[in-house]
Amino acid sequence: MIRDDFIHDLHGKIQRIDGYLGLVRELGERAGRPEAAERLTTYIGDRLAAVSSAVEGCRRPRVYYSMGTPLFALNAERFEMDLVEAAGGDPVNRRIERAGKPGVNITPEEFAALNPEYIFISGFLSAPVSDYLAACRRQGLSADAIENHQVYTMPPGWDFGNPRWVLGLSAIASTLHPERARFDLAAEQEGFYRTFYGTDATAVLGNRSFYRP
């Protein structure tokens with residue numbers, strides 16, 4: 001991988017769902033485990049199809065994705081935007097034309113103009129919803145999502161990087177379209193962990209977030 005400069009393009013490949021699936025297959029070939037890679041991509045593909053079918057034709061609510069603090073917006077080209085779109089949402093981060101690493105600070109005026117109906121807090125750099133809403137009040141921020149208490153924290157690892165994003169996909173779809181995307185998230189999580197990690201889901205506690213010891 002080092003010799004072929006494979007790592008150079010790795011970050012770009014994990015910013016799109018189709019690119020991610022291609023990456024899994026490529027790593028499976030390199031590792032001599034193409035059957036195992038295909039098993040994972042088939043599982044993810046089946047879940048994608050189930051979610052797509054559930055949200056087809058639904059109105060797409062405005063969704064804002066931030067890290068920890070309300071005025072730090074994830075980049076428009078990040079994987080989380082693909083995830084929101086696949087789950088039947090309209091990722092308003094794509095209306096922000098500048099970019100940073102891994103996102104940019106926005107002004108209260110920009111936040112108000114985006115007026116998200118739902119807000120998701122990244123599982124990587126997170127914050128409890130109560131702290132997030134308190135920060136919104138301190139900064140005088142208002143949006144439909146805040147007024148209607150439609151602000152949600154994603155579990156660490158469920159929205160970027162490792163394959164558990166497929167669980168995040170179902171979680172986001174269930175949140176945005178509860179009348180259509182009726183998924184048993186607990187059963188889905190347990191099945192995923194049993195199949196691919198060989199362990200009970202309750203035995204693993206993700207901790208990539210700074211708000212939890």
Side-chain angles (χ1 to χ4, degrees), residues 11-12 14-17 19-20 51 55 58-162 164-178 181 185 206-213:
H11 194 261
I14 61 174
Q15 300 300 330
R16 291 285 180 273
I17 290 176
Y20 193 101
V51 171
V55 304
C58 289
R59 186 186 74 84
R60 291 180 172 270
R62 300 180 304 279
V63 178
Y64 174 64
Y65 226 110
S66 69
M67 276 190 174
T69 181
L71 295 179
F72 190 79
L74 288 183
N75 285 335
E77 300 305 317
R78 278 186 62 93
F79 183 83
E80 291 90 337
M81 303 311 120
D82 247 23
L83 208 56
V84 166
E85 204 160 59
D90 171 19
V92 297
N93 297 58
R94 288 188 172 158
R95 299 171 195 172
I96 303 170
E97 296 182 353
R98 60 194 187 283
K101 292 183 179 181
V104 293
N105 289 309
I106 63 172
T107 66
E109 291 74 23
E110 288 176 304
F111 182 88
L114 294 173
N115 190 24
E117 297 169 80
Y118 292 83
I119 294 174
F120 287 98
I121 309 168
S122 168
F124 178 49
L125 295 176
S126 194
V129 169
S130 58
D131 287 3
Y132 192 95
L133 290 173
C136 289
R137 289 193 295 272
R138 284 196 308 272
Q139 298 175 67
L141 302 178
S142 180
D144 289 348
I146 297 170
E147 301 306 315
N148 296 320
H149 299 281
Q150 294 184 146
V151 179
Y152 305 90
T153 299
M154 292 296 290
W158 277 37
D159 54 3
F160 177 75
N162 73 70
R164 292 196 300 277
W165 62 258
V166 73
L167 301 174
L169 173 69
S170 293
I172 294 173
S174 296
T175 300
L176 301 182
H177 302 289
L185 295 178
N207 186 20
R208 294 177 63 201
S209 174
F210 292 161
Y211 87 81
R212 189 170 62 209

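Model, not experiment: these values are computed from the prediction.
Atoms CD1 and CG, on I172 and L83 in that order, are 4.0 Å from each other to the nearest 0.5 Å. Taking OG from S122 and CZ from F72, the interatomic distance works out to 10.0 Å, rounded to the nearest 0.5 Å.
Residues passing the side chain to side chain donor-acceptor pair (under 3.5 Å) test with D82 are R94, sequence neighbours excluded.
The minimum heavy-atom distance between G68 and I121, with the atom names listed, is N-CG2, 3.7 Å. When every heavy atom of T175 is checked against every heavy atom of Y118, the shortest pair comes out as O-CE2, 3.7 Å. Across E85 and P91, no two heavy atoms sit closer than the pair OE2-CD, 4.3 Å. For the residue pair S142 and E147, the shortest heavy atom distance occurs at OG-OE2, 3.2 Å. When every heavy atom of V51 is checked against every heavy atom of S170, the shortest pair comes out as CG2-OG, 4.2 Å. Among all heavy-atom pairs drawn from I119 and S66, the shortest one is CG2-OG, 4.5 Å.
Side-chain atoms of Y20 come within 3.5 Å of backbone atoms of G161 as a donor-acceptor pair (strictly under, hydrogens ignored). Of the possible polar contacts, none joining the N75 side chain to the E77 backbone as a donor-acceptor pair under 3.5 Å is found. Looking only at distances, no side-chain donor or acceptor of H177 sits under 3.5 Å from a matching main-chain atom of C58. With E117 contributing its side chain and D144 its backbone, the two residues share no donor-acceptor pair below 3.5 Å.
In this structure the side chain of N93 never reaches within 4.5 angstrom of the side chain of E80, judged on heavy atoms. The closest side-chain heavy-atom distance from F120 to D159 is not below 4.5 Å. Put simply, the side chain of L176 does not reach to within 4.5 Å of the side chain of V55, judged on heavy atoms.
A donor-acceptor contact closer than 3.5 angstrom is absent between the side chains of Y132 and T153.
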Chi angles and distances behind the side chain to side chain contact (heavy atoms under 4.5 Å, CB included) call for F160, I14
CA-CA 8 Å; F160 177 75; I14 61 174; 3.8 Å; yes
The test is side chain to side chain contact (heavy atoms under 4.5 Å, CB included); show your working for R62 and L114 and say whether it passes.
CA-CA 8 Å; R62 300 180 304 279; L114 294 173; over 6 Å; no
Please lay out, stage by stage, how H149 and L133 fare under the test side chain to side chain contact (heavy atoms under 4.5 Å, CB included).
CA-CA 9 Å; H149 299 281; L133 290 173; 4.1 Å; yes
Give the intermediate values and the outcome of side chain to side chain contact (heavy atoms under 4.5 Å, CB included) for residues L74 and Y64.
CA-CA 9 Å; L74 288 183; Y64 174 64; over 6 Å; no
Should R95 and D90 be marked as a salt bridge (charged side-chain N to carboxylate O under 4.0 Å, His left out) after you check the CA-CA gap, both sets of side-chain angles, and the distance that decides it?
CA-CA 10 Å; R95 299 171 195 172; D90 171 19; 2.4 Å; yes
Enumerate, atom names and distances included, each donor-acceptor pair closer than 3.5 Å involving a side-chain atom of residues 103-111, sequence neighbours excluded.
from : atom 1 : to   : atom 2 : distance (Å)
T107 : OG1    : E109 : N      : 3.4
T107 : OG1    : E109 : OE1    : 3.4
T107 : OG1    : E110 : N      : 3.0
T107 : OG1    : E110 : OE1    : 3.4
E110 : OE1    : R98  : NH2    : 2.9
E110 : OE1    : T107 : N      : 2.8
E110 : OE2    : R98  : NH1    : 2.8
E110 : OE2    : R98  : NH2    : 3.4

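Within a 6.0 Å sphere centred on CD of E97, heavy atoms belonging to other residues, nucleotides or ligands number 12 at most.
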